[in-house]
Amino acid sequence: QVRLVESGGGLVQAGGSLRLSCAASGISFSSSTMAWYRQAPGTQRELVAGITSDGRTTYANSVKGRFTISRDNTKNTMYLQMNSLKPEDTAVYYCHTGLVYWGQGTQVTVSS
């Protein structure tokens with residue numbers, strides 16, 4: 001049974017930082033491409049960042065230079081370090097892998 005559990009969301013002022021975590025189980029984590037998506041109210045879910053099994057990364061243009069995706073294969077955990085947060089980063093952030101597997105999401109709210 002695949003399980004993805006996000007944590008680390010919260011309320012932060014603009015310019016602040018948060019670090020999200022995604023703990024994975026039921027998959028071969030070290031060989032899996034992992035990704036963070038987000039969805040704001042009234043919008044479609046969008047890719048924020050992705051990381052392959054060998055550590056190659058990709059980012060949405062809107063977060064390049066501010067967010068960093070990483071993984072710790074010894075802990076089966078993926079991270080998203082978010083710096084210089086903006087109100088437009090407010091959304092529910094989801095962990096994703098294997099085309100069909102999603103976490104329950106964690107709310108990030110950035111106040112202006």
Side-chain angles (χ1 to χ4, degrees):
Q1 178 182 354
V2 177
R3 191 165 184 232
L4 303 173
V5 180
E6 302 96 336
S7 61
L11 173 64
V12 64
Q13 288 189 331
S17 298
L18 285 173
R19 187 195 196 204
L20 305 183
S21 299
C22 170
S25 59
I27 60 171
S28 178
F29 182 82
S30 61
S31 61
S32 297
T33 292
M34 304 293 297
W36 288 101
Y37 281 74
R38 68 185 180 187
Q39 188 169 20
T43 70
Q44 289 190 332
R45 196 169 294 188
E46 63 175 359
L47 175 68
V48 176
I51 185 167
T52 64
S53 58
D54 59 355
R56 286 174 290 137
T57 59
T58 186
Y59 295 93
N61 287 335
S62 59
V63 306
K64 280 181 181 176
R66 300 188 297 122
F67 290 10
T68 303
I69 189 171
S70 62
R71 64 192 298 158
D72 185 340
N73 290 339
T74 67
K75 296 182 179 180
N76 286 2
T77 301
M78 174 179 66
Y79 303 98
L80 186 68
Q81 178 66 44
M82 305 186 295
N83 299 328
S84 302
L85 282 161
K86 304 176 181 180
E88 51 264 43
D89 294 318
T90 295
V92 178
Y93 284 70
Y94 297 92
C95 177
H96 175 60
T97 190
L99 297 179
V100 298
Y101 301 115
W102 296 89
Q104 83 288 349
T106 186
Q107 176 71 47
V108 172
T109 303
V110 185
S111 63
S112 56

*Asks:* Taking atom OH of Y101 as the centre, does the number of heavy atoms from other residues, nucleotides or ligands within less than 6.0 Å exceed 12?
*Replies:*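 No.
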*Asks:* With hydrophobic residues grouped by side-chain heavy-atom distances under 4.5 Å, do I27 and I51 end up in a single group?
*Replies:*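 Yes.
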*Asks:* Taking side chain as C-beta onward, heavy atoms only, is M34 less than 4.5 Å from L4?
*Replies:*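 In contact.
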*Asks:* Within the distance-only criterion (no hydrogens, no angle test), does the side chain of E6 pair as donor or acceptor with the backbone N or O of G105 below 3.5 angstrom?
*Replies:*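 Yes, because the side chain of E6 sits within donor-acceptor range (under 3.5 Å) of the backbone of G105.
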*Asks:* Does R71 use its side chain to pair, donor to acceptor, with the backbone of T52 at less than 3.5 Å?
*Replies:*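 Yes, the answer is positive, given that a donor and an acceptor are paired below the 3.5 Å cut-off.
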*Asks:* Between the side chain of T43 and the main-chain N/O of Q39, is any donor-acceptor distance below 3.5 Å?
*Replies:*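 It does not hold such a pair.
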*Asks:* S62 versus R38: any side-chain heavy-atom pair under 4.5 Å?
*Replies:*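 Contact flag for S62/R38 side chains = yes.
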*Asks:* Identify whether V92 and Y37 are in the same connected component of the hydrophobic contact network (ILVMFWY, side-chain heavy atoms under 4.5 Å).
*Replies:*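 As far as the 4.5 Å side-chain criterion goes, Y37 and V92 are connected within one cluster.
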*Asks:* Please report the shortest heavy-atom distance between L80 and W36, naming the atom on each side.
*Replies:*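 Closest approach of L80 to W36, heavy atoms only: CB-NE1, 3.5 Å.
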*Asks:* Taking all non-hydrogen atoms of both residues into account, name the closest pair between F29 and D72 and its distance.
*Replies:*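 Looking at all heavy atoms of both residues, the shortest contact is CE2-O, 3.9 Å.
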*Asks:* Do V100 and V2 belong together in a cluster built from hydrophobic side chains that touch within less than 4.5 Å?
*Replies:*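 Cluster IDs for V100 and V2 match.
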*Asks:* Report yes if some heavy atom in the side chain of R66 is under 4.5 Å from a heavy atom in the side chain of K86; otherwise report no.
*Replies:*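 A side-chain contact exists here, since the closest heavy-atom pair is under 4.5 Å.
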*Asks:* Distance check, rounded to the nearest 0.5 Å: K64 atom NZ versus T57 atom OG1?
*Replies:*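 Rounded to the nearest 0.5 Å, the NZ-OG1 separation comes out at 9.5 Å.
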*Asks:* Please name the pair of heavy atoms, one in G103 and one in Y94, separated by the smallest distance, quoted to 0.1 Å.
*Replies:*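 The answer is O-CD2, 3.6 Å.
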*Asks:* Looking at S112 and A14, what are the two nearest heavy atoms and their distance?
*Replies:*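 Closest pair (atom of S112, atom of A14, distance): CA-CB, 4.4 Å.
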*Asks:* Between Q107 and T90, is any pair of side-chain heavy atoms under 4.5 Å apart?
*Replies:*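 Yes. Closest side-chain heavy atoms under 4.5 Å.
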*Asks:* Any sub-3.5 Å donor-acceptor pair from T97's side-chain atoms to T33's backbone N or O?
*Replies:*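 Such a contact is found between T97 side chain and T33 backbone.
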*Asks:* Return the minimal non-hydrogen interatomic distance between L47 and A35, and the atom names on each side.
*Replies:*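 For L47 versus A35, the nearest heavy atoms are CD1-CB, 3.9 Å.
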*Asks:* Can you tell me how far apart CG (D54) and OG (S30) are? Round to the nearest 0.5 Å.
*Replies:*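 OG of S30 is found 11.5 Å from CG of D54.
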*Asks:* Would V108 and V48 show up in the same hydrophobic cluster when neighbours are defined by side-chain heavy atoms closer than 4.5 Å?
*Replies:*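 Same hydrophobic cluster.
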*Asks:* Heavy-atom distance under 4.5 Å between the side chains of F67 and L85, does that happen here?
*Replies:*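 A side-chain contact under 4.5 Å exists here.
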*Asks:* Applying the side chain to side chain contact (heavy atoms under 4.5 Å, CB included) criterion to T106, which one of L20, L18, V5 satisfies it?
*Replies:*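 Exactly one pass, corresponding to L20.
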*Asks:* Nearest 0.5 Å, please: how far is OG in S32 from NE2 in H96?
*Replies:*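 One gets 11.0 Å once the value is rounded to the nearest 0.5 Å.
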*Asks:* Can you find a heavy atom in the side chain of V63 that is under 4.5 Å from one in the side chain of M82?
*Replies:*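 Result no, sub-4.5 Å side-chain heavy-atom pair not found.
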